[in-house]
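Step one of this worksheet: look at the structure below.
In what follows, chains carry the letters A, B, and so on, assigned in the order in which the sequence lines appear, proteins first and then strands, with residues in each chain numbered from 1.
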Amino acid sequence: MATEFISKTKRTHSCGALRASDIGKEVVLFGWVQNRRDHGGLIFIDLRDRDGLTQIVFGPELAAEAHTLAERFRSEWVIGIRGTVRSRGMQWSKKENKEVPATNPNLATGEIEVVVLEATVFNKAQTPPFEISEHTSANEEIRLAHRYLDLRRPTLQRTIMTRSKLNAATRQYFVDNGFLELETPFMGRYTPGGARNFLVPSRLNPGNFYALAESPQLYKQLFMVAGFDKYFQIVKCFRDEDLRLDRQPEFTQIDVEMSFVAQDDIFAVIEGLLKKLWKEVHGIDLPTPFRRMDFDESMARYGNDKPDLRFALEHTQLNDVIAKFGSDGGVGPMWDSVQQKGLVKALVVPAKHALSRSEIDKLEEYVKGMGAGGLARAKLADNGDWTQAPLFKNAKPELKAAILEATGAKNGDLLLFQFGKPSQVHTIMANLRVHLAKKLGLIPEFGTKDGQWNFLWVVNPPLFEYDEDAKTWAAAHHAFTRPMDECLKYLEPESFDPAKVYCYRYDVVLNGFEIGGGSIRLHDPEVQSKVFKAMGISDEDARSKFGFLLDALKYGAPPHGGIALGMDRLAFLITQTESLRDVIPFPKTQKGTDLMTGAPGEVDEKQLRDLYVKSVPPAK
RNA sequence: GGGGGGUUAGUUCAGCUGGUUAGAACGCUGGCCUGUCACGCCAGAGGUCACGGGUUCAAGUCCCGUACCCCUCGCCA
C-alpha cells in the first residue's frame with residue numbers, strides 16, 4: 001500500500017512551503033511525525049521535513065480510515081498524506097475574550113493546515129533516544145552516537161544547509177573571477193616539518209607509506225609553475241594533532257593560489273569572497289577593506305596573532321618601565337625577569353567590572369592551569385593605594401606611577417600581571433584576556449552577536465623563530481615564504497640577523513579565530529637557498545626534502561602567492577554555533593573517535609600482514 | 001604528556017554531614033478528550049547510581065585506580 005502510494009502519488013510541496021495563497025489546493029506531503037496532539041476526535045500532527053513543519057489534521061468524519069491510522073502514529077514515523085489546504089479555524093481567546101484566528105505565528109506555514117483525505121505509513125520508528133527538535137537538551141555524546149537522528153534536528157539541518165550554500169557560493173565566486181578548480185592528491189609523500197601526518201601503508205611497496213595531505217601546499221605551487229595562474233579548491237586536509245573546539249583531524253579548506261600577484265591582490269580576492277558569503281548567509285554588506293595590524297603589534301597588545309577585537313582589555317608591556325628603575329624599582333621578580341630576557345605584561349580590568357578577591361583567586365587557578373606561577377595583582381583603592389599587591393610592597397612610588405602611566409590604570413581599577421618567558425607570558429595573558437571578556441560579559445560565551453563581525457588581517461610576521469631546543473633558527477610557518485625586500489640584507493653574511501627578517505605572510509582573523517592564512521611564496525631559487533642557509537639547512541638537505549619543488553622553481557616559476565581559509569571555522573562562525581562539530585555532519589570526538597561507527601577500530605591480523613605492518617600496542 | 005569539569009531512569013537533572021524502599025521534569029505505555037500547536041487530564045512502567053578495587057555496621061555519597069565525554073596548556077610549519 002505504501003509503495004503503491006508513492007508510485008501513484010507524487011509530492012507536490014515541502015513541509016515548509018504552503019501559505020495562505022495555497023488555500024483550496026489539493027496537496028501531497030511526505031515527512032516525519034514531529035508531534036501528535038490527539039483530541040480523541042481531531043488529531044493534529046506536525047509533519048516535518050528539512051524545509052519546515054506543516055500542521056495536518058485528521059478528522060473522524062472526513063476520512064475515517066486515515067483517522068484510524070493516525071491514532072497509531074508515533075514520533076518519527078515516516079508518512080505520506082494527500083489532503084486539502086485550508087485556513088486554520090477560529091479559536092477562543094481568553095485574553096481578548098473573543099474568537100481569534102487560530103494561526104501559529106511560530107511557523108512559516110502557520111496560517112494554514114492540511115486536512116487529510118488519505119494517509120500512508122512508509123515506516124514506523126523506534127522511540128528515539130532524544131527528542132528530534134529544536135529544543136533538545138541531550139548532551140553531545142548521545143547525539144554523536146546517533147548522529148543520523150541529530151542531523152534530523154532543524155538546527156543542525158539549517159547549519160548543514162548553510163554549509164552547502166557556502167560551498168556553492170564559493171565555487172560561484174571563484175569561477176566568476178576566472179579561477180580554475182583543480183584537484184590534488186590526498187595520498188602523497190611524507191615531507192618533514194609541520195603537522196604530524198596520518199600514514200597509509202602501501203601494499204604494493206612493502207615498508208613504504210603514503211602521507212595524507214595536511215594541505216595541498218606544494219601541489220598548488222606546482223600548478224602555478226605549470227601556468228594555471230588562478231587556482232582554487234574546496235579540499236579535505238588531514239592532521240594528526242590533538243583536537244580542540246575549533247580543530248578536527250580531517251577538515252576542509254578553501255585553498256587558493258594565484259600568480260603575478262602581490263599581497264594586496266590576495267587580500268582583495270578574499271575580502272570579496274567573504275563579502276559574498278556574508279551577503280548570502282546574513283544579507284549584510286561587510287565593510288572592506290578589512291583592518292590590518294602588524295604581527296608584532298598584535299603580540300604586544302593581545303598576546304597572540306589572532307586577537308579578538310570585539311573588546312579592549314589590551315596588554316601593556318612593562319619591560320621598559322621596569323628596566324628604567326632596575327634594581328631600585330623594588331619589584332625584584334619583575335626586574336629579574338627583564339634581565340633574563342623575559343617579558344613583563346599587565347592588563348587593566350576597569351573599575352566598573354569590580355572583581356572580588358575570590359574571583360581573582362579563581363583567575364589565578366585558571367592561569368596556573370596554563371603553567372603560570374601565579375597571578376600578580378594590584379587593586380587600586382579609591383585613594384590610590386595599591387592593595388592586594390604583595391609584589392609591590394617595596395615598590396618605589398615613582399615605579400608605581402610609571403606603571404599607572406603606561407597602563408592608563410585609574411583608581412578603582414585592577415591590574416593583573418604576568419612575567420617570565422615571553423611565549424608563555426603572551427599565551428597566558430592572551431587567554432586570560434578572552435576568559436575575562438567572557439566572564440565580564442563583553443562577548444558571549446560562544447557565538448557572535450549580530451553585527452559584531454570583526455575581521456582583521458595580521459601581517460608582516462617574522463620569517464624565523466628561534467628554536468630553543470635545537471639552538472637553530474626555524475621557519476615560523478614554512479620555508480617557502482618570501483622575505484620582505486627590505487629585509488633581504490639580514491640574510492647576507494655581513495649583516496646576518498634572522499630575527500629582523502619579516503615576510504609576506506598574512507592571517508585573516510575573525511573574532512579571535514584564525515580563519516585563514518597564506519603567504520607570498522619564494523619563487524627565486526637564490527633567495528630560497530639563503531633562507532635554507534639561515535636555518536642551517538644545506539642545499540643537499542633541502543634537496544632531499546623538497547627536491548621536486550626546488551627543481552620546479554628553476555624552470556621559470558612565476559611570482560605567486562596564496563591563502564587557505566578554514567571552511568569549517570568559517571561555517572562555524574557564520575552560523576554562530578558552539579563548535580566545529582556543529583557544522584560537520586559526522587565529526588570526531590576530542591580523542592579522534594567516531595561514536596557512531598566506532599572508528600578507529602581494530603583490523604584482522606591478515607589485513608596487517610597484507611600491508612607488511614605490525615601493531616605494537618603501548619605497554620600498560 | 002599536564003591542568004580543570006563531567007558520568008544517577010530513554011533524556012535533562014536533584015540527591016545536604018555516609019543511614020529505611022534513590023526522586024523530579026520531559027519522554028514512553030494505557031485510558032479520556034473535536035481546535036490543539038512543546039495540547040490537556042488520569043493511571044502506569046522504567047535504575048548494574050560509568051567500571052574495578054578499598055574504608056565502614058552501613059557507600060549514589062568518602063578514598064584509590066580505570067574508561068569515556070567536554071574545555072584547555074603543550075602540539076597544530
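- Listed by chain and number, the residues in a side chain to side chain contact (heavy atoms under 4.5 Å, CB included) with A:P60 are A:H67 (sequence neighbours excluded).
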Distances under 3.5 Å between nitrogen or oxygen atoms of protein and nucleotides 31-33 of chain B:
residue: B:C33; atom: N3; partner: A:D38; partner atom: O; Å: 2.8
residue: B:C33; atom: N4; partner: A:D38; partner atom: O; Å: 3.2

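- Interface residues of residues 105-115 of chain A facing RNA chain B, ordered by number: A:E113; criterion, heavy-atom separation under 4.0 Å.
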Name the pairs: protein N/O against N/O of nucleotides 10-14 of chain B, kept only if under 3.5 Å.
residue: B:G10; atom: O2'; partner: A:P129; partner atom: O; Å: 3.0
residue: B:U11; atom: O4'; partner: A:P129; partner atom: O; Å: 3.4
residue: B:U12; atom: OP1; partner: A:N139; partner atom: N; Å: 2.8
residue: B:U12; atom: OP1; partner: A:N139; partner atom: ND2; Å: 2.9

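- Among the heavy atoms of the strands lying under 4.0 Å from A:R581 are primed sugar atoms or P, OP1, OP2 only; no base atom is included.
- Looking at heavy-atom distances under 4.0 Å, A:R244 makes contact with a base.
- Cation-pi check for A:R505 over A:F295 is not met; the charged atom does not lie both under 6.0 angstrom from the ring centroid and within 45 degrees of its normal.
- Sorted by first and then second residue, the ring pair (Phe, Tyr, Trp, His ring centres under 6.0 Å) pairs with a member in residues 130-150 of chain A form an empty list; sequence neighbours excluded.
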Only distances under 3.5 Å count here; give the side-chain donor-acceptor pairs of residues 591-598 of chain A to other protein atoms, sequence neighbours excluded, each with its distance to 0.1 Å.
residue: A:T593; atom: OG1; partner: A:T589; partner atom: OG1; Å: 2.8
residue: A:D594; atom: OD1; partner: A:M596; partner atom: N; Å: 2.8
residue: A:D594; atom: OD1; partner: A:T597; partner atom: N; Å: 3.2
residue: A:D594; atom: OD2; partner: A:T597; partner atom: OG1; Å: 3.3
residue: A:T597; atom: OG1; partner: A:A599; partner atom: N; Å: 3.1

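- Residues in residues 511-523 of chain A take part in these salt bridge (Lys or Arg N to Asp or Glu O under 4.0 Å) pairs, two or more places apart or across chains: A:E257-A:R521.
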Sequence neighbours excluded and cut-off under 3.5 Å, please list the side-chain donor-acceptor pairs for residues 209-216 of chain A, or say none.
residue: A:E214; atom: OE1; partner: A:N197; partner atom: ND2; Å: 3.3
residue: A:E214; atom: OE2; partner: A:A195; partner atom: N; Å: 3.3
residue: A:S215; atom: OG; partner: A:Q217; partner atom: N; Å: 3.2

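- When the side-chain hydrogen bond (donor to acceptor under 3.5 Å, both in side chains) test is applied to A:E364, the partners found at least two apart in sequence or on another chain are A:R377.
- Taking every side-chain heavy atom of A:D46 into account, B:C37 is the closest of B:C37, B:C68, B:G35.
- Evaluation of the side chain to side chain contact (heavy atoms under 4.5 Å, CB included) rule for A:E359 yields A:L355, A:S356, A:K439 as partners, not counting sequence neighbours.
- Take A:T575 and apply the side-chain hydrogen bond (donor to acceptor under 3.5 Å, both in side chains) test, not counting sequence neighbours, and it matches A:T577.
- Using a 4.0 Å heavy-atom cutoff across all strands shown, A:S519 reaches no nucleic acid atom at all.
- Sequence neighbours left out, the pairs with a member in residues 48-61 of chain A that pass salt bridge (Lys or Arg N to Asp or Glu O under 4.0 Å) are A:R11-A:D49, A:R48-A:E76.
- No engagement by A:T481 is indicated, since no non-hydrogen atom pair under 4.0 Å with the nucleic acid exists.
- Using a 4.0 Å heavy-atom distance criterion, A:T427 is classed as a sugar-phosphate-only contact.
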